[in-house]
Amino acid sequence: MTPVYYVLVDCNTFYVSCERLFNPRLNRVPVVVLSNNDGCVVARSPEAKAGGIKMGEPYFKAERLLKRIGCVSLSSNYTLYADISLRVVDVLRQFGLPMEIYSIDESFLRVEGYDNLKGLAHEIKEKVWRWVGIPVGVGIASTKCLAKIANKRAKKDGGVCVLQDGIDDVLRETLIPDLWGIGAQLTKVLMAHNIFTAYDFARADPKWVKDNLTIVGLRMMMELNGAPCIKLEQVRETRKALTCSKSFSQPLCELSDIEEALTAYTQRACEKLRSERQLCSLASVFLETNRFRTGYYNNSCSVRLPVPTANTIDILHAAKSGLQKVFRQGHEYIKCGIILTDFSPNDIIQGDMFDGKDQATDNRLMETIDRINREWGSNTAYLAASGIKREWSMKRKMLTPRFTSCWSEIPVAH
DNA sequence: TCTGGGGTCCTAGGACCC
DNA sequence: TCTGGGGTCCTAGGACCC
């Protein structure tokens, strides 16, 4: 049997690297990219890390330190990052290996019967750098969990790491909170049981692991021992849920304002649903106040649709009725959202004999709106109920241009 | 003043059925 | 005093990821 290896390609500080691609002045200076609404730090250049900026730190808390170290702060420009991500994936595809796109900045590949793994790792890293301009780290090992560890070491070690010999030593140096799949809660459980390193975990009693960390923990333990339990998902299974939610730029108290925002989110969610050729049967709405304040209120309501649908008007109707159930006067709300679930493919339609609606006309209307928004930019055609002024719409004060995805914002070469 | 958004998976517990 | 057993399905909640 030829040995199988998993290759994890992870873009270094991806969002910052995307910004640097189009603005070389950002090279070698501290840079951070912020989450939606300019809320938290979600990507840091090495210089920003060295300056003591923490991942996930709220911007308003980090602001003084950011200023002191002369850090450039940018709003996140997801349109740009998604486009660069596609370019990286294109390069990786050219290796002709089974591949899983794990996230916007990470992909796994699988290799079998390769002699020169180190050479492959270098080739991947250099091609992505030369063809796209994004630095990546490449980690290779016999399971996905180990490849994650290899990748982390790669970043400190010239960008590539093949984990083949001396794995025990590497596991001894890997601390529990740094493991893929171990978060704050499981770290507590493991530490309380005197398990401090990946090596301790790999040698733990399987029964204890299963009982205390469920089957998920047991799988991770097996993976650390070199037994692959987490398979490569080459084709993304059709998703099971679709969420659209955002914090408002300022707290909202009135039902009518929140309805506006919810209408906009519902439109967006339905648009995504249709683009994936799915119908949904359940729409859930949630609403919340600031959870960092006293008197936190949050509530949600699920509304079943009479027939599976992707029609914005029908789903909006359900969403609004849900919102009315959870809305209480007298709170300052900061966020709402809609979650669509219970999907079925849109080629099997179970009609409702009695609703007296002309499905074909409705579908044509939705198709037309989608086409206008595809060709002329999102939100060219929208429901007036989602508001014109949109005072709740999110803050992005430090947004860079959509360099690669909008004709009017393409960089000019002098 | 200001604290992201969008996913997945697993389990426990309740409802319901025979 | 004694109060089935076992299966399935659904939901909520908790954990994790990037």
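Each chain gets a letter, A, B and so on, in the order its sequence line appears, and its residues count up from 1.
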Determine the contact category for A:D105: base if any of its heavy atoms lies under 4.0 Å from a base atom, sugar-phosphate if only primed atoms, P, OP1 or OP2 are that close, otherwise nothing. sugar-phosphate
Between B:dT3 (P) and A:N36 (CG): distance, integer Å: 12 Å
Answer with base, sugar-phosphate or nothing: what part of the nucleic acid does A:E106 contact at a heavy-atom distance below 4.0 Å? sugar-phosphate
Protein-nucleotide distance (A:Y102, atom OH; C:dC17, atom P), rounded to Å: 8 Å
Going by the angle between their ring planes, with limits at 30° and 60°, are A:Y333 and A:F327 parallel, tilted or perpendicular? tilted
Is the shortest side-chain N/O distance from A:S247 to OP1 or OP2 of B:dG5 below 4.0 Å? yes
Flag as yes if A:F292 stacks onto the base of B:dT3 (centroids under 5.5 Å, planes under 30°), otherwise no. yes
Is the ring pair A:F108/A:Y102 parallel, tilted or perpendicular, if the boundaries are 30 and 60 degrees? perpendicular
Heavy-atom nearest nucleotide on DNA chain B taken for A:K210 and for A:A241; more 5' hit belongs to A:A241
From the set B:dG4, B:dG6, B:dC10, return the single nucleotide nearest to any side-chain atom of A:K246. B:dG6
Nearest whole angstrom, please: distance from the C1' of B:dG4 to the CZ of A:F286. 11 Å
Within less than 4.0 Å of OP1 or OP2 of B:dC2, is there a side-chain N or O belonging to A:R293? yes
A:W180 side chain: which of C:dC18, B:dC10, B:dG4 is closest? C:dC18
Stepwise, does the side-chain contact (heavy atoms from CB on, under 4.5 Å) test hold for A:C11 with A:E106? CA-CA 6 Å; A:C11 301; A:E106 277 174 70; over 6 Å; no
Salt bridge or not for A:E271 and A:R274, using N-O below 4.0 Å? no
Is any side-chain N or O of A:K335 closer than 4.0 Å to OP1 or OP2 of B:dG5? yes
Are any of A:R239's side-chain N or O atoms less than 4.0 Å away from OP1 or OP2 of B:dG7? yes
Atom-to-atom span, CD of A:E233 to P of B:dG7 - whole angstrom: 16 Å
Mind checking if A:L242 touches a base, just sugar-phosphate, or nothing, with heavy atoms under 4.0 Å? sugar-phosphate
Give a yes/no answer on whether the side chain of A:R236 brings an N or O atom under 4.0 Å of OP1 or OP2 in B:dT8. no
Are A:E223 and A:K148 within salt-bridge range, i.e. N to O under 4.0 Å? no
Taking the nucleotide of DNA chain B with the nearest heavy atom to each, does A:P251 or A:T243 sit closer to the 5' end? A:P251
Quick check for you: among B:dC10, B:dT1, C:dA15, whose closest atom lies nearest to any side-chain atom of A:R219? B:dC10
Rounded to whole Å, the CG-C1' distance (A:L218 to B:dC10) equals 14 Å
Counting side-chain heavy atoms from C-beta on, which of B:dG4, B:dG7, B:dT3 comes nearest to A:K272? B:dG7
Who does B:dC18 pair with, Watson-Crick or G-U, both distances under 3.5 Å? C:dG5
Looking only at side-chain N and O atoms, does A:K148 come under 4.0 Å of OP1 or OP2 in C:dC18? yes
Calculate the interatomic distance between A:K240 atom NZ and B:dG7 atom P; express it in whole Å. 13 Å
Would you classify A:L179 as touching base, sugar-phosphate or nothing, given that sugar-phosphate means primed atoms plus P, OP1 and OP2, and contacts are heavy atoms under 4.0 Å? sugar-phosphate
Any luck finding a side-chain donor-acceptor pair between A:D83 and A:Y81 under 3.5 Å? no
For A:L34, answer base if it contacts any base atom (sugar-phosphate contacts may also be present), sugar-phosphate if it contacts only those atoms, and nothing otherwise; contact means non-hydrogen atoms under 4.0 Å. nothing
Which of C:dC16, B:dC10, B:dG5 is nearest the side chain of A:Q185? It is C:dC16
Quick one: is A:S103 getting a side-chain N or O under 4.0 Å of the C:dC17 phosphate, OP1 or OP2? no
Would A:R291 and A:Y296 count as a cation-pi pair here, with the cationic atom under 6.0 angstrom from the ring centre and within 45° of the axis? no
Expressed in angstrom and rounded to an integer, what is the separation of A:D342 atom CG from C:dC9 atom C1'? 12 Å
Answer with base, sugar-phosphate or nothing: what part of the nucleic acid does A:I215 contact at a heavy-atom distance below 4.0 Å? sugar-phosphate
Which nucleotide, B:dG6, B:dT3, B:dT11, lies nearest any side-chain atom of A:K61? B:dT3
Any side-chain N or O of A:R291 under 4.0 Å from OP1/OP2 of B:dG4? yes
Separation of C:dG14 atom P from A:N212 atom CG, nearest Å, is 18 Å
